Amino acid sequence: MGEQNRETFGSRMGFIFAAAGSAVGLGNIWRFPYLVGMYGGAAFLLIYVLFILIIGIVCFIAEVSLGRYTKQSNVGAFKAIKPSWAPVGLIGIIAGFMILSFYSVVGGWTIYYFFRAIVGFGFADPSASANLFGGFISHPLYPVLLHALFMGITIWIVYKGVQDGIEKYSNIMMPALFVVIIILAIRSLTLPGGEAGLAFYLKPDFSKLTGESLLAALGQVFFSLSLGMGSILTYGSYLNKQENIPFVSTVVPIMDTLVAFLAGLVIFPAVFAYGFEPGQGGGLAFVTLPAVFSEMPAGNIFGAAFFFLLFLAALTSAISLLEPVVAYMIEEHAWERKKATLIMGAIIFTVGIAASLSNGIWSGFTLAGKNFFDFLDYVSGNILLPVSGMLTAIFVAWVWGSKNALKEATNDGTINFSWGNLWANVLIKYVAPILIAIVFLSSVGIVKF
Ligand code: TRP
């Protein structure tokens with residue numbers, strides 16, 4: 001695609017909605033609460049918010065600036081500045097592949113739960129919710145078919161291109177999702193026995209923090225903000241030269257964090273009220289929420305609305321995962337958009353089949369003690385994203401140069417970026433990369449606290 005006719009977002013709101021649509025997704029409502037539950041509750045939440053503020057927003061600004069400056073997606077952006085750094089972009093492309101393959105499986109779960117909610121969960125005993133979930137995800141056929149449907153819709157939207165694809169579908173669901181989550185939080189917070197869950201979520205016990213949980217929090221920052229694989233970079237490349245990068249790069253992470261925080265307020269009181277296990281892993285949200293819907297007036301309407309909105313949120317995120325992979329094939333290998341979307345989408349779909357089956361008939365096959373699904377989730381989220389995020393920060397600060405990056409971020413100094421110098425001289429140069437490195441070392445036990 002030539003530079004002159006590269007598609008751009010029609011308006012600032014177009015970019016904010018698309019970036020927020022990318023960020024807000026299953027990461028907020030499915031992945032974040034299960035990590036909080038597994039890695040220490042409130043202490044994890046606190047570290048997470050801290051990392052959002054000093055690493056997430058900092059790296060967000062770097063990615064958007066790099067994308068807009070080079071007008072390239074992941075690999076091309078690195079190449080445009082220094083060709084030898086192209087492999088960093090490739091790490092991101094690989095991460096995107098891995099993430100979308102299991103993400104689409106979970107996207108399929110939201111479709112099942114949408115229909116199941118319409119019928120009504122109506123559990124007399126909350127433990128029935130765990131049985132429903134376990135039975136469904138281990139089924140050899142249904143979750144695979146719904147994964148096919150989810151991936152098919154994702155492919156179809158990316159196939160149609162940026163302007164009339166992403167933008168249109170990103171505009172609708174955020175405010176609605178917000179409202180429904182707040183209503184659910186009120187229901188959950190008023191459940192008898194929910195206080196213990198609130199304490200777990202909001203009263204930190206730092207003895208629970210380990211190097212492993214710090215890494216999980218860091219990985220989740222990248223996962224939830226869509227950083228480290230080129231989603232935000234690629235969207236940045238479609239951003240107009242007049243837009244205010246520091247502003248949009250702060251608004252989106254704040255919205256994203258708010259949604260995740262609210263999801264925890266829905267889930268943890270209910271987890272404790274119903275006696276579920278907070279550290280159970282990836283089933284947490286899908287087991288807990290239906291139990292809540294069972295016990296609220298018009299629970300099937302709220303349930304259906306919730307899972308429909310979650311499906312849309314997952315879809316806008318999935319689009320942003322596929323787009324950089326497709327853009328890479330278009331820009332670096334001169335493929336047509338249609339061919340790139342169909343072929344890459346088909347490969348990701350195939351890997352996702354294996355991920356889905358690993359929750360059932362293929363669960364005997366493990367890698368590093370995890371089934372294939374959890375392995376993809378762990379390696380992409382906790383290793384590839386932080387590594388490529390760290391290398392991207394180093395690249396922007398030291399190879400491209402943080403002065404140049406600041407110039408791009410402030411539209412040649414014409415935009416007020418009050419902490420711009422702090423960002424350029426301290427945060428992106430030292431704080432972000434060094435902190436990421438320390439978290440890595442602590443997770444493998446080299447640095448101890
Ligand atoms: N951020 C999305 C979520 O929370 C998922 C996602 C979209 C993503 N693009 C990404 C994760 C890029 C990592 C990298 O659901």
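Here the structure is a predicted model, which means the values were calculated and not measured. Atoms within each ligand, like the ligands themselves, are counted from 1 in listed order.
Remark: minimum distance from atom 11 (C) of ligand 1 to any protein heavy atom is reached at Phe223 O, 3.1 Å. Regarding atom 15 (O) of ligand 1, its nearest protein heavy-atom neighbour is Tyr103 OH, 2.4 Å. Taking atom 14 (C) of ligand 1 as the reference point, the nearest protein heavy-atom neighbour is Met229 CG, 3.2 Å.
Not a single heavy atom of Gly228 sits closer than 4.0 Å to an atom of ligand 1. Using a 4.0 Å heavy-atom cutoff, Leu227 is listed among the residues neighbouring ligand 1.
Closest heavy-atom approach to atom 2 (C) of ligand 1 within the set Ser22, Ser380, Ala20: this belongs to Ser22.
Classification of the Phe133-Tyr113 ring pair by plane angle, with boundaries at 30° and 60°, yields tilted.
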**Prompt:** Where do Asp256 and Ser224 land on the side-chain hydrogen bond (donor to acceptor under 3.5 Å, both in side chains) test, with the steps shown first?
**Reply:** CA-CA 7 Å; Asp256 183 74; Ser224 198; 2.7 Å; yes
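By the 6.0 Å and 45° rule, Arg337 does not stack over the aromatic ring of Tyr159. Cation-pi check for Lys82 over Trp400 is not met; the charged atom does not lie both under 6.0 angstrom from the ring centroid and within 45 degrees of its normal.
Between Leu26 and ligand 1, at least one N/O pair is under 3.5 Å apart. Polar contact with ligand 1: present for Ala23 (N/O pair, distance under 3.5 Å).
For Tyr112 and Phe136, the ring centers sit closer than 6.0 Å to each other. Aromatic ring centres of Phe373 and Trp109: separated by under 6.0 Å.
Of all the heavy atoms of Ser226, the ones lying under 4.0 Å from any atom of ligand 1 are found in both the backbone and the side chain.
A donor-acceptor contact closer than 3.5 angstrom is absent between the side chains of Tyr328 and Glu323. Looking at Ser226 and Ser231, their side chains never bring a donor and an acceptor atom within 3.5 Å of each other.
Listed by atom number, the atoms of ligand 1 under 4.0 Å from Ser224 heavy atoms are 1 (N), 4 (O). Residue Gly27 has at least one heavy-atom neighbour below 4.0 Å for each of these atoms of ligand 1: 3 (C), 4 (O), 15 (O). For ligand 1 and Leu385, the ligand atoms under 4.0 Å from any heavy atom of the residue are 13 (C). Counting atoms of ligand 1 from 1 in the listed order, those under 4.0 Å from a heavy atom of Ile99 are 13 (C). The contact set between ligand 1 and Ser320, taken as ligand atoms under 4.0 Å from a residue heavy atom, comprises 7 (C), 9 (N).
Atom CZ of Phe349 sits in a crowded spot, with more than 12 heavy atoms from other residues, nucleotides or ligands closer than 6.0 Å.
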